[in-house]
Structures are given as structure tokens and as C-alpha cells.
There are 2 protein chains.
Amino acid sequence: MKLSNGVEWALHCCVTLGQSQNPVSAARLAKLHGIPPAYLAKHLQALSQAGILHSTPGPVGGYALTRPPARISALDVVRAIDGPEPTFRCTEIRKRGPLALPPEECMNACAVSRAMATADAAWRAALEGVTIADLTQDIDADSSGTAMSGVREWLAGAG
Amino acid sequence: MKLSNGVEWALHCCVTLGQSQNPVSAARLAKLHGIPPAYLAKHLQALSQAGILHSTPGPVGGYALTRPPARISALDVVRAIDGPEPTFRCTEIRKRGPLALPPEECMNACAVSRAMATADAAWRAALEGVTIADLTQDIDADSSGTAMSGVREWLAGAG
DNA sequence: GGAACAATACTCGGATAGGCCATGTCCGAGTTTACCCGG
DNA sequence: CCGGGTAAACTCGGACATGGCCTATCCGAGTATTGTTCC
């Protein structure tokens, strides 16, 4: 099980976009983070379709957050990039083989599926408790308050 | 992010093996669950290498649990099948781009990586809290106590 | 009858193809900007 | 000098190749059984 690394890019991009009042193009975001522009565009597209970002075309267009960073959770970003499907997909082993259960006894999920779903819920709850604003604050704290000001300065400049 | 469905098979097989005092071959486990025998063998091999199962060759050989079901957690099975790597792999975006941080400021993990690691820890903790014995009991409860006795009967028979 | 030996059948183990999704890239549709021309 | 029109440049959006991992499978190495043969 490996999480798409696009999630990491998307989270960093959301943190960056929270520092800008104007839209920022995919090309500039890619240059700032040192990642492939075309591929990042694909993920930003997904964030736009999920309603997290708002895209504006044109020369001064780009992407901007639709909500304040405090109202965007890491789970929102993960679901937008990686898809809403749960990590575990039950294939209903109960209904196969010589001891297959009849469908009327399979109304509720099997115990294995329930255990995996519980773990998945715990994972999602942890992600839901972290917002883009939290990440921004933590990153700033790690750099003694210089990281975000540097980002704002870079965004204001020509790049 | 999708979890290998081999995890589901491995969990069910561990529950089944907990009901048998004698080794059970991969072919019989596959037939009981209605899954491809050769592919299941690959996963059972992984469980054997992880120290969860003990394999005995020969005509009456097969796989058996190395520990009581109460001492085998779902996390052990997941790690054996899916690998020990965490779901999120930080690519150190901080060190890339025009605002790259110097390595001496990257001693601790970045905030994004920490948040994902926390969620991963929650997921693993939930899996670690569930044992094969718990799953066995839950499955039996779902079927009003008939599932495990049926499995034991089938294993005792010719199959 | 008992024991040793050889043949056998069954088991696991690793090495080997195929399919699907994530990765990486590209070009076209749409829009804002800037410039140029006319009044 | 000012307004309208046009051309251009820049943006996003979806469609198009490529690689790696999961899926699926096979055959060879090793061992307990079993039958046979000899003492």
C-alpha cells in the first residue's frame, strides 16, 4: 500500500496558496517546489474538481483556495488526490468456496472488513483533525517564522 | 491508495489455521476460500517469511500458526503481506526549489510528513489492537457459533 | 515377522509472464491583457 | 486624447505514452509416506 506522492505536493501547494491573495499558476507552484509542472497540473486539476481550489484562466490566472486554510483538512486533500475509495476492499470471501454463506446471512459486513474499516476510520479521523492552517503554523514554527515570509516574498517577486 | 487484497485472504487463512491442530496445505486453504491456489501460495510464503506461519514439507505438510491466535495482530499480517514501509513517503520537498532549506534545518521531519505519520500510527494502532482471536470470535458471533465448527468439520474431512 | 531400502507422491519455494494503475507528458479551448488604429 | 477592435500570450482542461507494482502462474528442490525386499 503506497500513497500517491501527489498528496504531498498537493498539501504543500495548499499551504503555499494560503499565503497568497492572488491566484498562482501551476507553473510557478511547480518551480517553487522543484517538481514537474505538467504532472503537478494534473493533481491541481483534481483539487479543483474537488472544490478545494478555484481556477481562473488568463494571463494573471491560476489557482486559489476556495476556503480559508483553517477550513481545509488534510483528509479533503487526500480524498481529492487519491480518491474516495477506502483502502480496504472486501471481496466477500464468505460467499465463495464450499462453506459459502447464503446472502441472507451477509447483510452486515464481515468481521475482517469491519476491523479494516475501523482502522481506516481512525486514519481518516487523524487526517481530518489536521487543517492546512495547522500545517502552515507548524512549518513556520520549524523555521522560526522565516519560511512563510520567504514564500510570500517569493510569490510577490518575479520568480 | 489501495491495499492488496492478499491481506484479506491472509487474515481469513490465519483465522482458519487457528482452528486446526494439524498443518493445512495451501491448496486446501485455497479450495476452502474459493481463491487461486498458486497466488495464495505466494502470500502464504510471505507470512512464513515474516514468522507468522511455520511451513512443513511433505505429504502431510502445510502451514500452521507459530503463535496462538491471540498473539497475532492484524497489523502483523498486514505488514507481512503489504510490506513494512509506511503509506506516506516524504520526498523532502523542502530541499528542492529556489527556497530549498539547508540540510542542517531538516534534521526533524517536516510538518506534512509528521501529520501523515501520525495518521499512519493511528491506523496501525487500530490494526494492532485486533488479534486473530478477536476476528475468530467475531466471525463466530456473526454466524451464531456455526462458522468455526463448520470450518473444523471441513478441515477434518477429506475436502 | 521385523527392519532397512528404494520408489513415490505430495509439499513448499523461488523464478517467470500479463494487466492495471500511477507517473509523466503533450497539445487544444478559453480568457485576459496589451497594442494598434480610427475618430 | 479616447474608445473600440484585434492580435497575442498566458492560463487551465482533458487526451495521450511509459514504467512499476500487483495479479496470476509454473516448475524444481525437498521430505514423509508406503510398498517391497531381504534377513
Side-chain angles (χ1 to χ4, degrees), chain A residues 1-10 13 17 20 22-31 33-64 66 78 80-85 87-89 91 93 158-159, chain B residues 1-10 13 17 20 22-31 33-66 78 80-85 87-89 91 158-159:
Chain A
M1 182 174 67
K2 192 168 71 74
L3 195 57
S4 168
N5 63 0
V7 171
E8 182 183 9
W9 302 351
C13 285
L17 289 174
S20 174
N22 303 320
V24 183
S25 71
R28 294 191 73 190
L29 284 172
K31 183 180 254 185
H33 295 101
I35 55 184
Y39 191 26
L40 177 64
K42 192 182 184 65
H43 291 306
L44 293 176
Q45 214 171 336
L47 290 174
S48 177
Q49 289 181 353
I52 298 174
L53 300 185
H54 174 67
S55 65
T56 58
V60 296
Y63 290 99
T66 57
V78 168
I81 299 295
D82 201 64
E85 301 105 27
T87 61
F88 183 82
R89 173 76 174 83
T91 58
I93 274 188
Chain B
M1 181 173 68
K2 192 168 71 73
L3 196 58
S4 168
N5 64 1
V7 170
E8 182 182 9
W9 300 351
C13 285
L17 288 174
S20 175
N22 303 321
V24 182
S25 71
R28 293 191 73 190
L29 284 172
K31 181 180 256 186
H33 295 99
I35 55 185
Y39 190 28
L40 177 63
K42 191 180 183 65
H43 291 307
L44 294 176
Q45 211 173 332
L47 290 174
S48 179
Q49 289 180 353
I52 297 173
L53 300 184
H54 174 68
S55 65
T56 58
V60 296
Y63 289 98
L65 298 178
T66 57
V78 169
I81 298 294
D82 200 63
E85 302 105 29
T87 61
F88 182 82
R89 173 78 174 83
T91 57

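All values reported here derive from a predicted model rather than from experimental measurement. Proteins come first, then strands; the chains are lettered A, B, ... in the order of their sequence lines, and each starts at number 1.
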Short heteroatom pairs, N/O only, protein and nucleotides 10-15 of chain C, under 3.5 Å:
unit_1: C/dT11; atom_1: O4'; unit_2: B/G58; atom_2: O; d: 2.8
unit_1: C/dC12; atom_1: OP1; unit_2: B/A26; atom_2: N; d: 3.2
unit_1: C/dC12; atom_1: O3'; unit_2: B/S55; atom_2: OG; d: 3.3
unit_1: C/dG13; atom_1: OP1; unit_2: B/S55; atom_2: OG; d: 2.7
unit_1: C/dG13; atom_1: OP2; unit_2: B/Y63; atom_2: OH; d: 2.9
unit_1: C/dG14; atom_1: OP1; unit_2: B/Q49; atom_2: NE2; d: 3.4
unit_1: C/dG14; atom_1: OP2; unit_2: B/Q45; atom_2: NE2; d: 2.2
unit_1: C/dG14; atom_1: OP2; unit_2: B/Q49; atom_2: NE2; d: 3.0
unit_1: C/dG14; atom_1: N7; unit_2: B/Q45; atom_2: OE1; d: 3.2
unit_1: C/dG14; atom_1: N7; unit_2: B/Q45; atom_2: NE2; d: 3.3

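- B/T56 places a side-chain N or O within donor-acceptor distance of the main-chain N or O of B/G62, the cut-off being under 3.5 Å.
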Hey, mind stepping through A/L44 and A/L53 against side-chain contact (heavy atoms from CB on, under 4.5 Å) and telling me if it holds? CA-CA 8 Å; A/L44 293 176; A/L53 300 185; 3.9 Å; yes

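- The phosphate of C/dA22 (OP1 or OP2) has no side-chain N or O of A/N5 nearer than 4.0 angstrom.
- Note: CD (A/E85) to C1' (C/dC21) measures 12 Å, nearest angstrom.
- With the nearest nucleotide of DNA chain D identified for both B/L40 and B/D82, B/D82 has the one nearer the 5' end.
- Nucleotide C/dC21 holds its P atom 16 Å from the NE2 atom of A/H43, rounded to whole Å.
- Rounded to whole angstrom, the span from the CZ atom of A/R89 across to the C1' atom of D/dT23 amounts to 16 Å.
- The CD1-P distance, from B/I35 to D/dT25, rounds to 12 Å in whole Å.
- With A/S48 contributing its side chain and A/H54 its backbone, the two residues share no donor-acceptor pair below 3.5 Å.
- With B/I81 as the fixed residue, the side chain to side chain contact (heavy atoms under 4.5 Å, CB included) test singles out one of B/N5, B/L3, B/V7: B/V7.
- One can place CD of B/E8 at 15 Å from C1' of D/dT23, the figure rounded to the nearest angstrom.
- Counting only heavy atoms from C-beta outward, the side chains of A/E8 and B/F88 approach each other to under 4.5 Å.
- B/H43 is linked by a ring pair (Phe, Tyr, Trp, His ring centres under 6.0 Å) to B/Y39, counting only residues two or more places apart in sequence or in another chain.
- Distances shorter than 4.0 Å separate none of the side-chain N or O atoms of A/Y39 from OP1 or OP2 on C/dT25.
- Atom CG in B/L3 sits about 10 Å away from atom P in D/dC22, given to the nearest Å.
- Distance A/L53 CG to D/dT11 C1': 15 Å, rounded to the nearest Å.
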